[in-house]
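Working notes, structure below.
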Amino acid sequence: MKKGMKWLAVLGVLTMIAAACGSTDDNGGGGGGGGGGGEETLTPTITYDAIGDTEGALSLIAWNGYTEDGSVDPAFDWVTPFEDETGCDVTVKYADSSDEMVTLMRQGDGSVYDGVSASGDASNRLIVGGDVGAIDTSLFPALADVIAPIQPETGTNTSHYVVDGAVYGVPYMYGPNFLMYNTEVVSPAPTSWDITFEPELNGAPNPYAGKLTAYDSAIFIADAAMYLMAHNPDLGITDPYELTQEQLDAAAELLKGQSAMIGKYWALYTDEIDGFVDGSMVAGTAWPVNLSYAEADAPVDQVVPSEGVTGWADTWMISANAAHPNCMLKWMDYTLRPDVQAQVAYWYGAAGSNTKSCDALRDVLGKKFADLVDTVRYGNCGNADFLNAIYVWKTPEANCHDDRGDVCMDYSVWQQKWTEVRGA
Amino acid sequence: MGSVTAERTRGSVSMRVSRFFFRHPHGRLGVLLGGPLAWFLIVYFGSLFVLFLSAFWGVDVFTSEIVRNWGFQNFKTLWETDVYRTIALRTIGLAAAVTITDIVLAFPLAYYAARMATPRRRNMILVAVIVPLWANYLVRVFSWKLILSPTGLLNWTVETLGIGSLQIANSGWAIWLTFSYLWLPFTLLPIYGALERISPSFLEASGDLGARGWMTFRRVVFPLIIPGIVAGSIFSFSLTLGDYIVPSLVGNTKFIGNVIYDNVGVANNVPFAAAYALVPVAVMAIYLLIAKRLGAFEAL
Amino acid sequence: MESRTARFMIRFGSVVALLFLYIPLVIVVLYAFNNSIGQKWPISSFTTKYFGLAWRSPDLREALINSLMIASVATLLALLLGSAAAFAVHRYRFFGRNSVSLMLVLPITLPGIVTAIALNSSFNTFGISLGLMTIMIGHATFCIVVVYNNVIARLRRTPTSFVEASQDLGADGWQTFRYVTFPAIRTALVAGALLAFALSFDEIIVTNFVAGTQLTIPKFIFNNLRQPRNRPIVNVVAVVAMVVMIVPVIIAQRLAGGAQAVGATRGGDVATPAEPAGGP
């Protein structure tokens, strides 16, 4: 290639761009900050303490099934009544993983979406990143009815949305990632996760190999760690989200062994629904909403295996830079109502954070099915012990939050490990 | 068109502008080239530059903010962790397989359209090849998912015929089939173009010199259409190399596109994705250099 | 000229290729009428209700308007800049000419995801909010390439003697363009525009990264593929798009194929010289 004036011009343009890159150091400055859950107190970017006039629109990020507006099934619609009541026109962006939610929430410095139904593996990243605002709990009297472990002021299990005394949202629904299985193919009915993890069962090769499924996200490593807690206690795993390098490697080994038996990992929830309906999947971890859809067309059932379950306790969080803050605050208030949470629970299969929603759900189900409210079918609604037993999604950090210090693996290492498991 | 010259006077504006540009050909070039060049430099190369600059940076683990700590850490990770090499090789292998499949599939139809069909049939075939491109890409991928599913058309046909069952859903075969299907029109059209440009006199001359069908093909036709074949292959190769949608919809394995997508849209680690994106860029750069040598750029 | 076996093999191969191209399309059409929730084959019951649902869907309407707007703007920009570039490269020798012609095909030869994350990263760095304009910018970039390819292919087949003759006859630059050059490339412009429009209309890979919250038809389809209940709507969209475009494609093919206007060599151009619609 001949060097010419053209190349000098090109170089000149590129240098100018590079200079611009170097100087416009936006996104609130690089690193440092909240890396690894440091011990300095975190002050909220903004605290919402009043609800003013609504803005006419609301833009949410949500899990599929959390914001039904009648377009899927006309009988299930809790969005339209909200729109009628507040005049806030709701648009929803559905995400398939917490990672995606974090990325979306940060778009446009938080001005694109007003709120997100954040699980514990997204919420802390958003809090530390200053992407979500704190709220004044007096705005939401219904918070007093929230199930005890996730009560903002007195709960024992609130670290995913209450940090250094500031409350960053209102609890919405919670539930387990249970084991879903095809009742006609998988027999006897499973009681352990071993049918999904062990290449050999009772001395013979796993009969379900090739038809198993698992959640395609790095957070699934916690499920493997939870399995090892029960089956390999020498590793000393105490919390499936607080893993040392050695423990993480062991979990990854288990997952690599599992991947040979996986027909397809489900990244979209519809992947799992389709899989169970067309018979290409017979057992695997599932969200309650997947079961709700699949059971219409396939003989499926769920179980909480002996090793336990991971799960999620989701919180509606409001952007620190929300374009429609009042609509969002009204939404947060609306979704705490027992009747609203009962509808969601009925559709999704999760449990509402408001304990009064369990009775409302019993009314919705009618006398014939009211007892199901106390089973895992609806997340054992109102049962605090069950909630405490779920290993809810949390963001893995370097700080082990116990006497081991800072030797745990943070989420970026988990993501690398997951790529190794999936890419092999 | 008649009285054009009669109306023009020496001093009219258009005449003066024309004369200016006639005397200053570089001015004309500047006007013509200025717009596209500016667009490409600023929008395209500018953004590529920004991207590849960030390959040398990192991200803050907790906040996903980009940290400008210059260094080769991303490349080090890519080199030291085997899985990235596996994925890259797997993707390149698949791209090659899809390209070869498409060339083999496309050739008969291209030849028929170019040299054996009546003009009416030829137009019909060309329309028939292009119309599928208007049925949305995602929908066509999804229809393959339906066809290959255990309850889909393929397995049903095989089972109805009584020859067992063919369950290739979510396998490498499914991905290969789908990619071959999607890019077939793009491979076919340049091959058609090349075949069609061969003047009949070449073939007559070859016949006059005593060559029979296969010899004529091997010695005359084939060398003449190599640029067209390579041009078509550029698309099937490059499109397969970077795609992330087909593997996630019909398959279960990760390819280069998936790793990049996962790192940007999900893990929010743009620097790492940028570093890995250099792999397909490098591969395509080499491919394009070879293609240019083979004359493919005139046959695009 | 070809032997009998060769002719048979070619015909056989052609049929295989055509079947391969069209069986999945038949599936697309059939499943637009699928009435059962499961996506089994064979389809047990048929319905036309999804056509009605699609017609009434406000999201689809918004997506359609956005997609049409974006495609129009991108195509227009592509026509202007692409043909300008083609003229420049074809008619003039200048420093870096080879590099420019290489540069102008890069957007469609480099994998789309690279372009996508590059644009996304730049827009974020410079604080440009993602929306309709960023989509247009992204689409225009590869649409320019498409038009450029078509026009330069046609220019290479157009004898320059015609232009010289026109100037000898006293026409100024504008007249030469209007009466000699433009008719020669007109059908290449139509073909290029049609292809650019198709690419932009169907684009998902780059759009996913630069659209922000804006809906386009491919994004609408992408979203709806994740709704287990309303999948046939996307089939309806595909079927309608195909049917609507059959006539324009036929016309464009007739125009491009029949362009013998300026002494082009036997056969003329194809309406759509190689361009990836699937997602550059």
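Just so it is clear, the model here is predicted, and its values are computed rather than measured. Numbers restart at 1 for each chain; the letters A, B, ... are given by sequence-line order, proteins then strands.
No other option in Asn136(B), Leu249(B), Leu146(B) has as many heavy-atom pairs under 4.5 Å with chain C as Asn136(B). Of the listed residues Asn120(C), Val237(C), Leu106(C), the one with more heavy-atom pairs under 4.5 angstrom with chain B than any other is Leu106(C). Listed options Ser122(C), Ala238(C), Pro24(C), Ala17(C) were ranked by heavy-atom pairs under 4.5 angstrom with chain B; first place goes to Pro24(C). Considering only heavy-atom pairs separated by less than 4.5 Å from chain B, the leading option among Ile246(C), Leu225(C), Asn235(C), Val234(C) is Leu225(C). For chain C, the option among Ala291(B), Ser149(B), Ala128(B), Ala277(B) with the highest count of heavy-atom pairs below 4.5 Å is Ala128(B). Most heavy-atom pairs under 4.5 Å with chain C: of the set Thr157(B), Val31(B), Leu241(B), Ile260(B), this distinction falls to Ile260(B). When each of Val16(C), Val239(C), Leu104(C), Leu77(C) is checked for heavy-atom pairs under 4.5 Å with chain B, Leu104(C) comes out on top. Your options are Val129(B), Leu48(B), Ile234(B), and the one with the most heavy-atom pairs under 4.5 Å with chain C is Leu48(B). Note: Leu119(C) leads Thr176(C), Val244(C), Leu119(C) in heavy-atom pairs under 4.5 Å with chain B.
Neither the backbone nor the side chain of Ile152(C) has a heavy atom closer than 4.5 Å to any heavy atom of chain B. Both the backbone and the side chain of Leu177(B) come within less than 4.5 Å of a heavy atom in chain C. Heavy-atom distances place both the backbone and the side chain of Phe222(C) under 4.5 Å from chain B. No part of Val141(B) comes within reach of chain C, as not one of its non-hydrogen atoms sits under 4.5 angstrom from that chain. The contact between Met245(C) and chain B is made entirely by side chain atoms (from C-beta outward), counting heavy-atom distances below 4.5 Å. Both the backbone and the side chain of Tyr181(B) come within contact range of chain C, each with at least one heavy atom under 4.5 Å from a heavy atom of that chain. Residue contact with chain C, scored on non-hydrogen atoms closer than 4.5 Å, involves the backbone and the side chain of Phe297(B) alike. Contact of Val43(B) with chain C is made through backbone and side chain together, with heavy-atom distances under 4.5 Å. Within the 4.5 angstrom heavy-atom criterion, no atom of Leu80(C) approaches chain B. When heavy atoms are compared at a cutoff of 4.5 Å, Ala6(C) does not approach chain B at all. Contact annotation for Ile245(B): only side-chain heavy atoms (C-beta onward) come within less than 4.5 Å of a heavy atom of chain C. For Leu184(B), the part sitting under 4.5 Å from any heavy atom of chain C is the side chain, from C-beta outward, and nothing else. Contact of Lys145(B) with chain C is not made at all, since no heavy-atom distance falls under 4.5 Å. Only the side chain of Phe209(C) comes within contact range of chain B, judged by heavy atoms closer than 4.5 Å.
The number of heavy atoms from other shown groups lying within 6.0 Å of CZ (Arg93(C)) does not exceed 12. By the neighbour-count criterion of 12 heavy atoms within 6.0 Å, atom CZ of Phe12(C) is sparsely surrounded, having that number or fewer from other residues, nucleotides or ligands.
Between Val249(C) and Trp134(B), the shortest heavy-atom distance links the atoms CG2-NE1, 3.6 Å. Residues Trp39(B) and Thr141(C) come closest through the heavy atom pair NE1-OG1, 3.3 Å. For Ile10(C) against Met116(B), the heavy-atom pair with the smallest separation is CG2-SD, 3.9 Å. Closest approach of Ser238(B) to Leu110(C), counting heavy atoms only: OG-C, 4.0 Å. Scanning both residues, Ser14(C) and Pro108(B), for their nearest heavy atoms gives OG-O, 3.3 Å. Nearest approach of Leu29(B) to Ala88(C), heavy atoms of both residues: CD1-CB, 3.8 Å.
No side-chain heavy atom of Leu32(B) sits under 4.5 Å from any side-chain heavy atom of Arg91(C). For the pair Val145(C) and Tyr44(B), the minimum side-chain heavy-atom distance is 4.5 Å or more. The shortest side-chain heavy-atom distance between Leu109(B) and Phe20(C) does not fall under the 4.5 Å cut-off. Within the 4.5 Å cutoff, side-chain heavy atoms of Ile221(C) are placed close to those of Val139(B). In this structure, Phe52(B) and Val114(C) have side chains that are in contact, with non-hydrogen atoms separated by less than 4.5 Å. Residues Leu21(C) and Pro185(B) meet the side-chain proximity criterion, which asks for heavy atoms closer than 4.5 Å. Side chains of Ile144(C) and Phe40(B) form a contact here, defined as non-hydrogen atoms less than 4.5 Å apart. Proximity of Gln39(C) to Thr151(B): side-chain heavy atoms (C-beta onward) are nowhere separated by under 4.5 Å.
Between Leu138(B) atom CG and Asn224(C) atom CG the span is 11.0 Å, to the nearest 0.5 Å. We find the OG-CD1 distance between Ser54(B) and Ile117(C) to be 7.5 Å, quoted to the nearest 0.5 Å. In this structure, Phe142(B) CZ and Arg231(C) CZ are separated by 4.0 Å, a value rounded to the nearest 0.5 Å. One finds the CZ atom of Arg11(C) at 11.5 Å from the OH atom of Tyr111(B) (value rounded to the nearest 0.5 Å). Rounded to the nearest 0.5 Å, atoms CG (Leu51(B)) and OG1 (Thr125(C)) are 9.0 Å apart. Taken to the nearest 0.5 Å, the CD1 atom of Ile113(C) stands 8.5 Å off from the CG atom of Asp243(B).
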**Request:** Starting from the C-alpha separation in whole Å, work towards a yes-or-no answer on side chain to side chain contact (heavy atoms under 4.5 Å, CB included) for Val270(B) and Asn124(C).
**Result:** CA-CA 11 Å; Val270(B) 174; Asn124(C) 283 334; over 6 Å; no
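Without hydrogens or angle criteria, Tyr287(B) side chain to Thr109(C) main chain gives no donor-acceptor distance under 3.5 Å.
Note: Trp156(B) and Trp41(C) have perpendicular aromatic rings, judged against thresholds of 30 and 60 degrees for the angle between ring planes.
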